[in-house]
Amino acid sequence: SNKEKLLPVIQNWLSSKHTYTIRFGIVMLMKHYLDDAFSPRHLQTVSNIRSDEYYIEMAQAWYFAEALVKQYDHALPYLQKGCLSPFVHNKTISKACDSLRIGQDKKAFLKTLRLKNSK
């Protein structure tokens, strides 16, 4: 109910040096800002996070997979333009294709966007 007050706190979490604090910030954006409080700048914020920490990358992939469910037209360009690290990119596609909330036609298209030779 206090999303205006929560957003600056999330920004602080995302700026942290601690893996699980950053992960928590990403998950909070996913849980509270992909529906009525959605802003395309949140996608940019999550895509700008660069880390080789597994738990951060998995949170980013989870966030973008959920964004494909709820904000497909806004999230898709991040895959089409290669804005995510190769791991996050491919894991996003994998998670989205596992979802029962994305249609088969979209899943088929997402599979064509997979990157070859990534970790």
Side-chain angles (χ1 to χ4, degrees):
S1 65
N2 289 311
K3 290 184 181 177
E4 309 82 36
K5 292 180 182 178
L6 180 59
L7 199 53
V9 177
I10 290 173
Q11 293 299 332
N12 285 337
W13 292 331
L14 296 175
S15 302
S16 174
K17 303 268 189 244
H18 303 283
T19 297
Y20 294 102
T21 304
I22 297 167
R23 177 182 169 80
F24 184 72
I26 295 168
V27 172
M28 293 299 287
L29 270 179
M30 179 181 69
K31 296 286 185 186
H32 299 289
Y33 296 91
L34 280 177
D35 292 312
D36 58 329
F38 174 73
S39 170
R41 70 174 189 220
H42 300 148
L43 294 164
Q44 186 66 48
T45 297
V46 175
S47 76
N48 285 342
I49 297 169
R50 292 291 181 241
S51 174
D52 59 358
E53 290 286 338
Y54 175 80
Y55 291 104
I56 292 173
E57 289 183 315
M58 288 300 290
Q60 288 176 290
W62 186 18
Y63 174 87
F64 273 95
E66 285 294 310
L68 286 167
V69 169
K70 297 179 176 190
Q71 303 291 340
Y72 184 83
D73 292 335
H74 290 284
L76 184 61
Y78 286 84
L79 296 172
Q80 292 175 312
K81 295 177 183 175
C83 299
L84 307 173
S85 74
F87 177 82
V88 173
H89 179 101
N90 283 344
K91 191 55 75 172
T92 296
I93 293 169
S94 177
K95 288 178 156 302
C97 289
D98 289 343
S99 175
L100 299 175
R101 298 173 294 160
I102 293 180
Q104 293 300 320
D105 55 332
K106 288 181 180 176
K107 288 179 184 183
F109 177 70
L110 290 171
K111 288 177 183 178
T112 69
L113 299 176
R114 283 195 175 129
L115 301 176
K116 308 288 188 238
N117 299 325
S118 66
K119 67 174 178 173

Distance from Ile22 atom CD1 to Ile10 atom CD1, nearest 0.5 Å? 14.0 Å
Is atom OH of Tyr55 surrounded by more than 12 heavy atoms (other residues, nucleotides or ligands) closer than 6.0 Å? no
Quick check for you: to the nearest 0.5 Å, what is the distance between Thr21 atom OG1 and Asn12 atom CG? 11.0 Å
Any chance you could lay out the side chain to side chain contact (heavy atoms under 4.5 Å, CB included) test for Gln11 and Thr45, step after step, and finish with the verdict? CA-CA 9 Å; Gln11 293 299 332; Thr45 297; 4.0 Å; yes
Return yes if some donor-acceptor pair links the side-chain N/O of Tyr78 with the main-chain N/O of Gln44 below 3.5 Å, else return no. yes
Quick one: does Glu57's side chain have a donor or acceptor within less than 3.5 Å of a partner on Phe87's backbone? no
What one should report as the nearest heavy-atom pair of Ser47 and Leu84 is CB-CD2, 3.7 Å
For residues Trp62 and Ile26, determine if any side-chain heavy atom of one lies less than 4.5 Å from a side-chain heavy atom of the other. no
With a cut-off of under 6.0 Å to the ring centre and 45° to the axis, is Lys70 in cation-pi contact with Phe38? no
Decide if atom NZ of Lys3 counts as having more than 12 heavy atoms of other residues, nucleotides or ligands within a radius under 6.0 Å. yes
Give the minimum heavy-atom separation between Gln80 and Leu113, together with the two atoms involved. CG-CD1, 4.2 Å
Looking at CG of Leu110 and CD1 of Ile93, how far apart are the two atoms once the value is rounded to the nearest 0.5 Å? 6.0 Å
Go through the steps to decide whether Arg23 and Met58 satisfy the test side chain to side chain contact (heavy atoms under 4.5 Å, CB included), and finish with yes or no. CA-CA 9 Å; Arg23 177 182 169 80; Met58 288 300 290; 4.3 Å; yes
Shortest non-hydrogen separation from Leu34 to Gln71 and the atoms involved: O-NE2, 2.9 Å
For the SG atom of Cys97 and the NZ atom of Lys106, what is their distance to the nearest 0.5 Å? 12.5 Å
Kindly indicate whether the side chain of Phe109, heavy atoms from C-beta on, has any atom under 4.5 Å from the side chain of Thr112. yes
Criterion side chain to side chain contact (heavy atoms under 4.5 Å, CB included) on His42 and Tyr63, from CA distance to verdict: CA-CA 10 Å; His42 300 148; Tyr63 174 87; 3.5 Å; yes
Considering all heavy atoms of both residues, which atom of Ala96 and which atom of Leu68 are nearest to each other, and what is their separation? CB-CD1, 3.8 Å
Test item: Lys95 side-chain N/O and Glu66 main-chain N/O as donor-acceptor pair under 3.5 Å: no
Nearest 0.5 Å please: distance from the CH2 atom of Trp13 over to the CG atom of Leu29. 9.5 Å
Rounded to the nearest 0.5 Å, what separates atom CD1 in Ile56 from atom CZ in Phe24? 14.5 Å
Taking every heavy atom of Arg50 against every heavy atom of Cys83, the minimum-distance pair comes out as NH2-O, 2.8 Å
Please determine whether side chain to side chain contact (heavy atoms under 4.5 Å, CB included) holds for the pair Tyr33 and Arg41, giving the CA-CA distance in whole Å, both sets of side-chain angles, and the decisive distance to 0.1 Å. CA-CA 11 Å; Tyr33 296 91; Arg41 70 174 189 220; over 6 Å; no
Show the nearest heavy-atom pair for residues Met28 and Leu6, with the distance to one decimal. CE-CD2, 4.0 Å
